[in-house]
Amino acid sequence: MTDTVPRTVGTQELNRLVVRFAGDSGDGMQLTGDRFTSASALFGNDLATLPEFPAEIRAPQGTLAGVSAFQVQVSDHDITTPGDAPNVLVAMNPAALRKELVHLEFGGTIIVNQDAFIERNLTKAGYDSDPLDDGSLDNYTLFKVPMTTITKEVCKDLGVKPRDAERSKNFFALGLLSWLYNRPAQPTLDWISAKFKRQQLIADANTAAFKAGMAFGETAELFDFTYEVKPAVLEPGTYTNVNGNTALSWGLVAASQQAKVPLFLGSYPITPASDILHELSQRKNFGVRTLQAEDEIAAVCAALGASFGGHLGITTTSGPGIALKGETIGLAVSLELPLLVINIQRGGPSTGLPTKTESADLMQAMYGRHGESPVPIVAAYSPSQCFFAAIEAARIALKYRTPVILLSDGYLANGSEPWLLPDVSTLPDLTVEFATGPNHTEEDGTEVFWPYLRDPETKARPWAVPGTPGLTHRIGGIEKEDGSGNINYEPDNHGYMVKLREERVAHIANDIPPTMLEGDIDDADLLVLGWGSTWGAITSAVMRAREEGRKVAHAHVTHLNPLPKDLGDIVRRYPKVLVPEMNLGQFCRIIRSEFLVDAQSVAKVEGVPFTAAELHSHINGVLDD
Amino acid sequence: MTDTVPRTVGTQELNRLVVRFAGDSGDGMQLTGDRFTSASALFGNDLATLPEFPAEIRAPQGTLAGVSAFQVQVSDHDITTPGDAPNVLVAMNPAALRKELVHLEFGGTIIVNQDAFIERNLTKAGYDSDPLDDGSLDNYTLFKVPMTTITKEVCKDLGVKPRDAERSKNFFALGLLSWLYNRPAQPTLDWISAKFKRQQLIADANTAAFKAGMAFGETAELFDFTYEVKPAVLEPGTYTNVNGNTALSWGLVAASQQAKVPLFLGSYPITPASDILHELSQRKNFGVRTLQAEDEIAAVCAALGASFGGHLGITTTSGPGIALKGETIGLAVSLELPLLVINIQRGGPSTGLPTKTESADLMQAMYGRHGESPVPIVAAYSPSQCFFAAIEAARIALKYRTPVILLSDGYLANGSEPWLLPDVSTLPDLTVEFATGPNHTEEDGTEVFWPYLRDPETKARPWAVPGTPGLTHRIGGIEKEDGSGNINYEPDNHGYMVKLREERVAHIANDIPPTMLEGDIDDADLLVLGWGSTWGAITSAVMRAREEGRKVAHAHVTHLNPLPKDLGDIVRRYPKVLVPEMNLGQFCRIIRSEFLVDAQSVAKVEGVPFTAAELHSHINGVLDD
Amino acid sequence: MTDVPTTTKADWTSDQEVRWCPGCGDYSILTAVQMLMPDLDVRREDTVFISGIGCAARFPYYMNTYGMHGIHGRAPALATGLAMARPELHVWVVGGDGDMLSIGGNHLLHSLRRNVNLNILLFNNQIYGLTKGQYSPTSEIGKVTKSTPAGSIDEPFNPISVALGAEASFVARTHDMDRQHMMDMFRRAHDFPGAAFVEVFQNCNVFNDGAFGAITKKDKRASMLIPLEHGKPIRFGENNEKGVVINPQGSAEVVDVADVGESALLVHDETRQDPSLAFALSRLSAGPFEPTPIGVYRAVERSEYATEASKQLAMAQEQSGPGDLEALLHSRPTWEVS
Amino acid sequence: MTDVPTTTKADWTSDQEVRWCPGCGDYSILTAVQMLMPDLDVRREDTVFISGIGCAARFPYYMNTYGMHGIHGRAPALATGLAMARPELHVWVVGGDGDMLSIGGNHLLHSLRRNVNLNILLFNNQIYGLTKGQYSPTSEIGKVTKSTPAGSIDEPFNPISVALGAEASFVARTHDMDRQHMMDMFRRAHDFPGAAFVEVFQNCNVFNDGAFGAITKKDKRASMLIPLEHGKPIRFGENNEKGVVINPQGSAEVVDVADVGESALLVHDETRQDPSLAFALSRLSAGPFEPTPIGVYRAVERSEYATEASKQLAMAQEQSGPGDLEALLHSRPTWEVS
Ligand SMILES: Cc1ncc(C[n+]2csc(CCOP(=O)(O)OP(=O)(O)O)c2C)c(N)n1
Ligand SMILES: Cc1ncc(C[n+]2csc(CCOP(=O)(O)OP(=O)(O)O)c2C)c(N)n1
Ligand code: SF4
Ligand code: SF4
Ligand SMILES: [Mg+2]
Ligand SMILES: [Mg+2]
């Protein structure tokens with residue numbers, strides 16, 4: 001790491017800055033991080049965030065288990081990760097310091113709320129002595145700030161009760177950090193007055209605390225200088241700061257608009273997918289219908305029922321929910337109706353780590369159904385790209401009349417980054433043609449409708465929606481005859497249909513973009529092959545390795561089933577193939593089986609994303625082998 | 001095929017005989033086939049059966065969809081399949097003839113119930129002219145027998161109503177076949193009187209019809225000779241004829257007895273698994289508890305709850321049920337409790353072909369859960385071997401405290417074969433040791449119980465059953481700390497536990513038998529690699545190829561996860577590897593990924609098993625390549 | 001609705017061969033539905049039948065309408081999505097006692113409390129037909145079946161009580177031996193704007209023959225079926241000699257009219273907001289061997305789910321205008337890079 | 001039971017840190033249970049708590065007994081298996097309104113009709129706590145939550161009615177503000193030989209604060225809670241001036257005692273075979289803003305599931321002797337090959 005903060009006078013310019021806010025669950029650290037991020041975004045920095053919080057609503061105050069943290073990297077250039085090790089750790093209590101210190105870079109800056117370092121809290125955090133005094137932090141730059149005291153002080157005259165005033169201390173911290181890193185104050189002040197417009201006292205307290213934080217920086221003479229991260233030189237255009245779940249939700253709305261097919265979401269709340277339900281529930285003026293169903297099975301069934309009715313049926317969940325939806329996804333495979341199944345992956349198995357990230361549901365997406373039951377799979381790779389991934393998944397579902405699984409994960413879902421807003425008029429046209437009349441002539445000349453007569457190009461069957469005269473038909477999950485759709489148990493027919501369903505999906509490979517390939521495409525000694533949210537860390541790591549003169553290429557797969565047609569050539573082209581995954585090597589196994597190349601897995605299954613540094617060292621390790 | 005019946009005088013000896021009984025669903029063909037099989041079994045033949053019936057309870061009478069068939073191969077030597085093409089087809093009506101004729105060997109024998117070949121039935125079956133007269137059967141030996149007429153005739157004096165008498169015509173057919181193939185009559189007569197002991201009229205009618213069938217053979221002068229298949233020279237001992245579901249049920253009872261752990265079955269009816277529930281419901285005197293639960297999820301949950309209580313929890317189902325159980329199996333992975341999940345596979349996807357066989361749920365067994373959720377998998381390979389497969393699956397579950405998936409399929413479930421009954425005293429001892437006291441000493445010297453402290457050899461955690469003093473503890477599906485079992489969300493811990501669960505399963509490879517390997521082990525040009533019910537067909541096919549001088553080896557895998565330790569060497573040893581499967585190549589994909597060998601899939605997904613002839617030609621095809 | 005073409009039973013009959021056992025009660029239910037349809041003033045193409053799995057669940061294949069044969073237990077959930085997406089359709093749900101009260105019980109309950117505009121027909125034969133004769137959640141205690149060789153030990157559900165406990169707004173019961181009564185009930189279900197639940201006693205002549213014979217046979221009906229008619233005193237019996245009263249402990253009781261006098265009889269009121277009356281009536285009989293009420297137990301209109309959902313959409317559009325994607329993308333703070 | 005050691009609350013308290021939000025009603029329920037246990041004459045090791053997922057479902061971790069934190073909605077099913085395997089244990093099931101009435105509704109219903117010997121505590125906070133505030137199947141219509149920004153449109157379940165509709169034999173209701181009442185109800189549930197269902201009104205002070213305040217606040221209780229006491233006329237009110245009667249249409253009604261006279265009041269009878277009375281009482285209040293009965297609605301003994309299952313095992317052993325594997329393998333026709 002090169003960007004430790006050197007102690008000079010005046011304003012110091014930084015290329016990038018990684019701040020980690022940590023405190024008790026009740027301390028509002030997610031909000032503080034969010035606000036710091038937003039202000040930086042509006043200022044024009046590139047950035048990437050990593051929120052981390054406990055599974056409990058409010059874990060016991062002051063304990064290690066109760067610590068909530070938010071990390072953000074702010075940069076004057078294009079970045080792809082929230083940073084390896086924070087440069088600055090803001091610790092609101094002893095537990096936060098103790099739990100989060102491991103992340104801080106050697107020599108980094110620590111800013112603590114000194115008021116919280118009392119006996120009781122130290123004990124709860126498991127400290128035998130006060131780390132602020134016992135020399136254990138000598139390798140860091142430590143600032144002790146009585147945040148609670150000052151906040152209470154400045155709130156006194158506002159008529160806020162001391163207990164309530166204390167709650168504003170996170171805004172004090174935010175003010176101090178905003179001063180220290182020259183973040184614009186106005187966005188935060190505006191946000192406070194908008195957010196708390198019906199709770200004037202709280203608005204006043206937060207404003208006062210924030211300003212006190214800034215003033216403290218100016219006046220306390222603790223700090224000899226401030227820092228600045230210049231706006232990033234990004235592609236011109238309008239930007240907004242977006243997290244993956246919001247981008248994904250908007251992508252779904254966009255797909256519905258572009259297809260002129262109404263959107264129906266059947267969902268059951270589950271972390272980290274619930275926010276998509278929340279977001280889409282607010283989009284009723286787009287004709288979006290949402291149903292909070294009684295369980296995940298009902299949710300996907302309702303979505304499938306809506307698809308039968310000519311809507312774009314969608315269901316959102318995470319792993320445990322997918323486990324329950326398998327039977328219905330299989331029905332959708334047999335019915336050949338569009339259906340979007342969205343898995344925001346989290347740590348497993350079982351309940352696992354509900355609030356932590358992992359990407360270990362790929363094999364479940366591939367194979368989590370009985371029988372031969374192929375389903376196209378699309379994976380998002382960055383928070384903002386979730387928007388396009390959603391559109392692409394919907395495109396495939398609508399065009400090919402098939403359930404599609406879209407994979408995201410907790411890191412993408414909650415992580416945010418600046419997003420160059422696309423020109424809406426450039427989004428793909430997904431217009432769907434519904435069946436309107438008979439499509440088959442019987443031997444006796446009668447015109448009839450055959451529900452399983454296929455489009456010769458897409459092999460999609462007609463979407464004949466109830467309400468359409470002349471097209472009444474029955475569909476079901478029992479094996480059927482191609483064309484007529486009549487129940488058929490004959491051996492030959494089943495063999496034919498099983499292969500047809502397999503080929504229907506395989507054939508989509510003709511209609512997906514080529515593999516994203518970057519780096520030393522022509523002469524790399526190593527291919528790093530990724531999918532999903534590892535994109536940011538791989539991109540950074542490959543960049544670092546190449547800066548060191550290594551020859552490395554990076555292929556990133558967005559379509560996991562079917563695989564892009566060029567992928568075989570790509571993986572065979574390079575002497576070594578490394579597959580970093582937040583699982584025990586699931587995609588790696590697919591690659592090995594499919595292409596018989598000795599791809600090697602790099603597994604990290606710890607509930608937190610890869611850092612670029614980790615991957616960088618893996619790359620070097622393999623190349624030095 | 002060599003064993004067509006030559007037309008000579010007297011009794012002709014056959015090495016083997018394949019008979020196919022076919023008729024309307026209501027005609028009792030399954031019963032007829034079963035009785036023919038039993039008599040042959042008692043006579044001492046080796047045999048194998050293939051029942052096939054429609055998904056409807058009673059499909060419309062006289063239609064192709066309503067045809068029910070039963071094929072049996074009877075042999076004087078060790079056989080492993082129900083035969084490629086029947087030598088004899090018994091067709092009780094035109095639909096049966098029309099639907100089943102395709103199976104019959106060229107030149108084979110057809111015996112029809114002439115009375116059923118009336119206009120209405122012919123039309124229903126889709127015949128334009130009467131096949132008995134239009135010359136279309138000239139390539140076969142056709143016997144037209146007025147079965148209904150004669151049956152009614154002989155029943156007249158018994159006081160049976162003609163409509164009821166008609167129902168006994170299948171016993172007439174059975175009598176005729178018994179005469180023609182010199183099957184002993186007594187077992188059938190005994191069976192009739194035992195079965196219908198409370199319905200004397202029916203018993204009388206069936207007996208009369210059966211005897212009439214035998215008499216008809218003797219006197220009708222249609223047949224110039226009878227045939228005989230001598231008893232097979234089999235290993236000495238006591239035999240019984242058993243189908244896979246019965247053998248499997250008995251294996252479960254045996255496992256419970258050998259482990260001295262009571263058996264608890266939570267199940268929800270589904271074809272073709274229901275008969276295990278039925279069989280075990282009758283084993284209450286073995287202390288077997290069965291619960292017909294409200295659905296498959298409740299079934300597996302109840303089984304897991306029972307396991308927590310110190311029982312061997314079992315759940316039985318087929319693919320759609322497994323799709324619903326995934327989340328709970330994942331919980332069992334996290335809880336590390338014994339649990340047996342039994343999948344009697346059937347045709348998929350979705351409802352698919354409920355009454356037909358398929359083995360396409362292997363990948364679902366491997367990966368049908370979210371997160372890294374490894375589960376050992378055992379597969380049965382012949383009807384009688386289901387007994388041992390059940391014991392083996394239970395052994396692994398009990399010893400390693402893990403859910404185990406046991407795969408069988410519709411063909412094994414309903415197919416039967418003679419079984420040399422094992423000496424009960426030779427069955428493995430599965431005795432389980434429950435935890436009885438504390439297993440850990442805290443720093444302060446307190447003795448405590450840690451639910452996740454492992455046996456160093458098996459890596460199994462203690463099974464501490466509620467009711468045991470001193471061992472109260474809490475378990476759950478959230479990630480936990482090894483040892484104490486306390487909830488733990490730390491990155492390192494999760495990484496450790498994920499790998500531990502993976503290794504726990506991988507490590508079982510040290511405790512399973514080596515791969516079954518037969519044929520030209522040393523110098524084969526081709527390895528045929530199978531798993532599950534393909535065993536019979538592969539064995540026969542490999543035998544035929546070797547009889548022709550080909551060098552072929554056959555490896556059959558019974559443990560699909562973890563794989564046997566010798567399997568890598570085996571698959572790398574031979575120039576070519578062929579993997580026949582009743583799916584689109586699922587095991588083949590595992591082999592390719594695991595060992596990077598270019599194994600080739602032979603797929604048959606038609607709801608019916610491979611015939612030896614089909615595989616034989618595949619073997620030759622590959623070797624001639 | 002004036003332009004609905006005139007149809008006959010044949011128009012509503014699909015070309016698929018009916019595959020139930022000869023003699024199965026499902027046939028007469030199918031006939032009742034097919035005969036009713038031409039009378040309902042609905043178009044074939046606006047009518048959808050959705051089912052789960054089971055013998056009963058084969059129903060959609062035989063109706064010449066739109067149809068979906070779903071998976072076991074999930075028909076109410078599939079239908080809820082369809083009805084929400086397309087509130088103008090007439091959606092029927094058909095399933096057996098296993099399908100809708102065992103594996104699918106929860107979906108049934110939730111569709112009832114939400115009051116989704118579905119016509120839900122539960123064919124109760126007190127057995128699992130398609131899987132060849134295991135007991136079901138409505139089988140009587142002590143039932144000997146393949147899965148309960150020593151007799152079942154589970155208290156059965158009373159489907160009417162279950163539905164009422166789940167806030168069902170329309171609840172009725174009929175049986176497969178009385179076509180006219182079935183048609184009346186199905187018509188009432190169709191006319192009801194919300195979730196209409198109809199239990200149909202159905203004979204499975206293969207695995208549970210005669211389960212309802214003691215009350216539905218022609219010569220038993222007068223004494224064993226208690227017809228519920230709105231606004232009328234509840235009476236039955238060969239000579240109408242029996243009646244029903246509510247006793248002071250809230251239980252419905254069968255009485256001799258001669259003993260209590262006609263004026264003491266309970267006057268049936270299907271429209272009572274409080275479902276207690278309907279519930280009490282559902283407890284009159286412990287099974288199909290005692291006098292059992294048939295007819296409409298409850299028919300209380302309340303807001304329908306899909307309609308309410310649509311209203312919220314309309315309201316949102318009124319308030320914020322139709323969705324504008326461009327505006328949505330710009331709805332959070334943005335900044336310009338040039 | 002004489003050798004059950006004397007214990008204190010502390011013995012029943014596990015060493016795990018309680019992780020509910022400060023002020024959550026779950027704390028007082030936990031205290032009530034932990035205080036009750038020493039009084040129940042049961043051993044810690046014979047006691048098991050089983051739960052699904054949710055805030056409520058964290059409960060087992062805090063009890064120093066055997067425990068399982070299962071998966072969402074499946075606790076009654078997990079517990080059914082355990083109770084059948086080990087009928088001598090005392091098995092408690094704890095879950096929230098989402099856990100047990102949304103995803104797990106069906107398992108709850110079936111465990112109730114089977115009458116498995118479970119003590120089932122439903123912590124009803126009318127919200128999804130753990131997933132941060134979506135509406136639940138008991139939330140009132142019009143509820144604005146993250147997933148219903150325009151207000152919910154689903155008629156809520158009345159958990160007491162649902163349980164009674166599903167043949168529940170023991171049904172009670174209590175609330176988190178009255179420790180003694182909770183302890184009484186939990187003790188009754190424990191004592192009841194069968195499935196005992198107790199709804200506990202529980203305040204989620206973070207996502208649905210005060211949901212029950214209008215009836216459970218100290219100063220509201222007298223006028224808003226209607227205590228049910230077996231064998232006593234049902235009365236309540238600041239001055240006991242109100243009472244409950246059953247009207248001729250089977251509905252329970254609140255009346256002024258002065259108007260009807262004390263003798264006209266309904267005398268509560270929890271042991272009535274017919275659940276109609278209990279059901280009518282469950283309909284008295286449409287939600288926690290009207291006078292609402294608390295206490296035991298119904299307690300009617302009937303055969304317990306695990307006991308019956310065990311009897312069938314014993315009977316089978318009596319009839320056929322203990323299982324003999326050798327004999328089983330030879331139970332079908334065999335033949336010898338030599
Ligand atoms: C998930 C799943 N579980 C089990 C089955 C097997 N199954 C099919 S129908 C049925 C029950 C049939 O009973 P019911 O619903 O009463 O209908 P009926 O056949 O009596 O009309 C069962 C258990 C299935 N198809 N799918
Ligand atoms: C299969 C599954 N679906 C969804 C979830 C997410 N989830 C956890 S708890 C919960 C509901 C919590 O509400 P409730 O049961 O009322 O309990 P409370 O938190 O209010 O006590 C949900 C939806 C899950 N863990 N598993
Ligand atoms: S099994 Fe019973 S319910 Fe099913 S079709 Fe036959 S008679 Fe009807
Ligand atoms: S979210 Fe609500 S129910 Fe959950 S712990 Fe907090 S206050 Fe209690
Ligand atoms: Mg049924
Ligand atoms: Mg709740």
Side-chain angles (χ1 to χ4, degrees), chain A residues 24-26 30 53-66 95 124 163 245 265-285 288-299 316-321 323-324 348-352 354-355, chain D residues 16-24 26-27 51-58 61-62 68-74 97-107 125 127-137 139 143-154 157 204-208:
Chain A
D24 214 47
S25 295
Q30 300 303 321
F53 38 83
E56 289 79 19
I57 299 302
R58 298 268 157 81
Q61 225 189 332
T63 64
L64 294 176
K124 270 198 196 165
R163 239 188 96 89
N245 273 351
L265 173 71
S267 186
Y268 188 72
I270 191 167
T271 306
S274 305
D275 282 339
I276 303 174
L277 167 62
H278 304 159
E279 171 67 26
L280 288 178
S281 300
Q282 293 185 300
R283 301 294 153 238
K284 296 195 200 309
N285 62 326
V288 173
R289 281 177 172 77
T290 58
L291 168 69
Q292 179 179 312
E294 58 271 26
D295 65 12
E296 283 86 352
I297 302 176
T316 49
T317 187
S318 58
L324 291 165
S350 196
T351 307
T355 58
Chain D
Q16 298 298 299
E17 214 157 8
V18 184
R19 295 197 181 175
W20 288 310
C21 306
C24 176
D26 289 346
Y27 283 97
S51 67
I53 299 285
C55 295
R58 285 294 181 110
Y61 286 118
Y62 309 137
M68 187 195 289
H69 183 220
I71 46 180
H72 195 36
R74 316 304 172 187
D97 40 329
D99 203 32
M100 295 234 257
L101 288 174
S102 195
I103 188 168
N106 206 36
H107 307 305
N125 55 14
I127 201 81
Y128 283 11
L130 191 67
T131 45
K132 307 201 172 173
Q134 299 82 11
Y135 78 127
S136 91
S139 299
K143 180 140 204 112
V144 174
T145 69
K146 285 181 184 158
S147 57
T148 50
S152 65
I153 57 174
D154 316 36
F157 279 139
C204 167
N205 58 307
V206 171
F207 295 111
N208 201 20

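Here is how names work: the chains are called A, B, and so on, in the same order as the sequence lines, proteins then strands, and each is numbered from 1.
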## Note on the structure
The interface call for A/A298 against chain D, heavy-atom contacts under 4.5 Å, is neither

## Note on the structure
Bottom line for A/L324: the part with an atom under 4.5 Å from chain D's heavy atoms is side chain

### Task
Just jot down the ring pair (Phe, Tyr, Trp, His ring centres under 6.0 Å) partners of A/F53, sequence neighbours excluded, or say none.
none

Please state whether the side chain, the backbone, both or neither of [X] comes within less than 4.5 Å of a heavy atom of chain A.
| X | answer |
| --- | --- |
| D/H69 | neither |
| D/L130 | both |
| D/Y135 | both |
| D/C24 | neither |

#### Entry: Nearest heavy-atom neighbours spanning A/I270 and A/G321
CD1-N, 4.4 Å

### Residue, of A/E294, A/E296, A/E279, that accumulates the most heavy atom pairs under 4.5 Å with chain D
A/E294

### Message
For D/Y62 together with D/Y27, are the ring centres under 6.0 Å from each other?
### Response
no

## Note on the structure
Contacts of D/D97 meeting side-chain hydrogen bond (donor to acceptor under 3.5 Å, both in side chains) (sequence neighbours excluded), chain-then-number -> D/S136, D/T138

### Message
Are there over 12 heavy-atom neighbours, none belonging to A/Q61, within less than 6.0 Å of that residue's CD?
### Response
no

### Message
Before you tell me yes or no, could you show the steps for A/T316 and A/S267 under side-chain hydrogen bond (donor to acceptor under 3.5 Å, both in side chains), namely the whole-Å CA-CA distance, both residues' side-chain angles and the distance that decides it to 0.1 Å?
### Response
CA-CA 6 Å; A/T316 49; A/S267 186; 2.9 Å; yes

